[in-house]
Protein chains: 2
Amino acid sequence: MAISSRFSVGIHILTLIAFNKDGVSSSDYLAASVNTNPALIRKITGMLKKAGLVEVRPGVAGTTLARKLSDITLLDVYQAVDVVQDNELFNVHPSPSPKCEVGRNIQETIVPILSSAQLALEKVLQHVTIEDIVKDIHMKEGI
Amino acid sequence: MAISSRFSVGIHILTLIAFNKDGVSSSDYLAASVNTNPALIRKITGMLKKAGLVEVRPGVAGTTLARKLSDITLLDVYQAVDVVQDNELFNVHPSPSPKCEVGRNIQETIVPILSSAQLALEKVLQHVTIEDIVKDIHMKEGI
DNA sequence: AAGTCTTGTAACGATAATGGTTACAGCACT
DNA sequence: AGTGCTGTAACCATTATCGTTACAAGACTT
């Protein structure tokens with residue numbers, strides 16, 4: 001199955017907060033741009049907060065960035081929104097037969113390969129920051 | 001969510017067929033090593049067949065490899081078992097607001113980044129063949 | 001030709017995650 | 001006190017997975 005859109009929503013939220021740095025980024029405001037429900041936005045900002053990417057406080061309107069734009073990578077967001085639990089992107093079929101040469105070795109053999117594939121993906125995400133996203137949109141808008 | 005275990009089962013099946021090249025790899029036989037149901041194995045061998053990786057025929061016991069071990073990459077298996085539909089690993093939140101600078105550009109901005117991350121993952125899978133898996137298990141078994 | 005074994009598939013259920021929604025408690029500010 | 005916001009719990013519809021049963025259809029043996 002595909003990786004949850006929470007990830008893309010998280011990126012959207014952070015980018016929008018950066019654009020709206022002179023305004024108040026309430027969950028209503030963010031939800032309007034993402035085109036979803038404010039409660040869903042609050043769930044995700046809650047995750048971003050737990051990961052130390054943003055600051056939000058109960059009762060106080062608006063979410064703000066907790067770090068510089070250039071210090072938030074897409075990998076940070078990816079991990080913050082729990083898009084892959086236990087950090088295991090690949091689901092390996094459990095308990096193969098120990099009586100079989102292949103069965104008793106297959107997991108140990110493929111897990112490192114799958115991990116390195118996952119790592120390759122994460123490395124790409126690690127090298128893109130929210131600042132890059134913001135700059136790209138600036139360019140597209142001709143700002 | 002995690003990537004379906006169909007992928008790891010597919011690898012297991014192909015590896016086991018290679019090991020069992022003097023025997024008959026029926027769905028019962030394969031299911032015993034994978035530790036699952038024969039019907040599930042037949043579903044997956046059906047997918048592998050459609051992708052041209054194996055040969056199976058109704059009524060005839062056993063699945064055989066359609067290519068050399070060194071000509072089957074993990075990417076072939078990954079794509080064969082439809083683990084990611086539409087080839088879109090990342091699910092991007094649909095229909096952001098076109099009224100917002102961020103909303104109307106975010107998709108166009110992040111989709112290429114997510115694609116390149118996906119591509120990095122696939123590249124790793126492309127460089128490992130079933131032959132590599134077989135050799136590794138031979139080594140582990142001291143053969 | 002009958003019988004047996006196998007594959008191919010349809011159908012169903014249990015489980016889990018997602019995305020959306022409602023509702024409301026609790027906090028902060030006016 | 002009143003208003004507005006966040007944090008969260010609860011619930012639902014939808015979807016995919018994995019497992020399982022059941023059976024039709026093909027292939028081979030005797």
Side-chain angles (χ1 to χ4, degrees), chain A residues 1-10 12-13 17 20 23-32 34-51 54-64 66 78 81-86 88-96, chain B residues 1-10 12-13 17 20 23-32 34-51 54-64 66 78 81-86 88-96:
Chain A
M1 201 194 278
I3 287 173
S4 165
S5 69
R6 277 201 305 276
F7 180 35
S8 76
V9 173
H12 190 145
I13 288 173
I17 293 172
N20 189 37
V24 175
S25 298
S26 67
S27 62
D28 265 16
Y29 172 78
L30 297 171
V34 174
N35 190 26
T36 184
N37 197 286
L40 188 59
I41 296 289
R42 291 199 290 273
K43 274 185 204 167
I44 299 180
T45 52
M47 291 173 149
L48 298 175
K49 178 186 181 181
K50 198 176 289 182
V54 300
E55 280 165 7
V56 212
R57 277 176 314 171
V60 182
T63 302
T64 55
Y78 175 85
V81 299
D82 258 354
V83 97
V84 171
Q85 70 279 47
D86 302 326
E88 303 218 322
L89 177 59
F90 293 95
N91 202 335
V92 175
H93 191 88
S95 54
Chain B
M1 201 194 281
I3 288 173
S4 165
S5 68
R6 276 202 304 276
F7 181 34
S8 76
V9 173
H12 190 144
I13 288 173
I17 294 173
N20 188 38
V24 174
S25 299
S26 67
S27 62
D28 265 16
Y29 171 79
L30 296 171
V34 173
N35 191 26
T36 184
N37 197 285
L40 188 60
I41 296 290
R42 292 198 290 273
K43 273 185 203 168
I44 298 180
T45 51
M47 291 172 149
L48 298 175
K49 178 186 181 182
K50 198 176 290 184
V54 300
E55 280 166 8
V56 212
R57 276 176 313 169
V60 181
T63 302
T64 55
Y78 175 86
V81 299
D82 258 353
V83 97
V84 171
Q85 70 277 47
D86 301 327
E88 303 220 322
L89 177 58
F90 292 95
N91 202 334
V92 175
H93 190 89
S95 54

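First the proteins, then the strands, lettered A, B, ... as listed; each starts at 1.
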Taking only the side-chain heavy atoms of [X] (C-beta and beyond), determine which of [options] contains the nearest atom.
| X | options | result |
| --- | --- | --- |
| A/T36 | C/dG20, D/dT17, C/dG8 | C/dG20 |
| A/H93 | D/dG19, C/dG8, C/dT6 | D/dG19 |
| B/L40 | D/dT6, D/dG19, D/dA10 | D/dG19 |
| B/K49 | D/dG19, D/dC18, C/dG8 | C/dG8 |

In whole Å, I'd like the distance from the [atom1] atom of [X] to the [atom2] atom of [N].
| X | N | atom1 | atom2 | result |
| --- | --- | --- | --- | --- |
| B/I3 | C/dA16 | CD1 | P | 21 Å |
| A/N35 | C/dG20 | CG | P | 8 Å |
| A/D82 | C/dA16 | CG | P | 17 Å |
| B/L30 | D/dG19 | CG | P | 15 Å |
| B/E55 | C/dT6 | CD | C1' | 17 Å |
| B/F90 | C/dG19 | CZ | C1' | 19 Å |
| B/I44 | C/dT9 | CD1 | C1' | 15 Å |
| B/I41 | D/dC18 | CD1 | P | 12 Å |

Would one find a side-chain N or O of [X] under 4.0 angstrom from OP1 or OP2 of [N]?
| X | N | value |
| --- | --- | --- |
| A/T45 | D/dT6 | no |
| B/S26 | C/dT6 | no |
| B/S4 | D/dA16 | no |

Taking side chain to side chain donor-acceptor pair (under 3.5 Å) as the definition, give me every residue that meets it alongside [X], ordered by chain and number, with sequence neighbours left out.
| X | result |
| --- | --- |
| B/N35 | A/S95 |
| A/N20 | A/S25 |
| A/R42 | A/S27 |

> Once each nucleotide of nucleotides 21-30 of chain D is scored for protein heavy atoms under 4.0 Å, what B/S/- sequence comes out, 5' to 3'?
Replying inline: BB---BS---
> If only atom types and distance count, is the side chain of B/S26 paired as donor or acceptor with the main-chain N or O of B/Y29 below 3.5 Å?
Replying inline: yes
> Between the main-chain N or O of A/I44 and the side-chain N or O of A/R6, is there a donor-acceptor pair closer than 3.5 Å?
Replying inline: no
> What residues, two or more places apart in sequence or in another chain, satisfy side chain to side chain contact (heavy atoms under 4.5 Å, CB included) together with A/A32?
Replying inline: none
> Base, sugar-phosphate, or nothing for A/S5, non-hydrogen atoms under 4.0 angstrom?
Replying inline: sugar-phosphate
>> Please compare B/N91 and B/A61 by the position of their nearest nucleotide in DNA chain C and report the one closer to 5'.
In response: B/A61
> Which residue, B/K43 or B/S25, contacts DNA chain C at a nucleotide closer to its 5' end, judged by nearest heavy atom?
Replying inline: B/S25
> Can you list the residues that meet the ring pair (Phe, Tyr, Trp, His ring centres under 6.0 Å) rule with A/Y78, with sequence neighbours excluded?
Replying inline: A/F7
>> Does any part of the side chain of B/L48, heavy atoms only, come nearer than 4.5 Å to the side chain of B/V56, both counted from C-beta?
In response: no
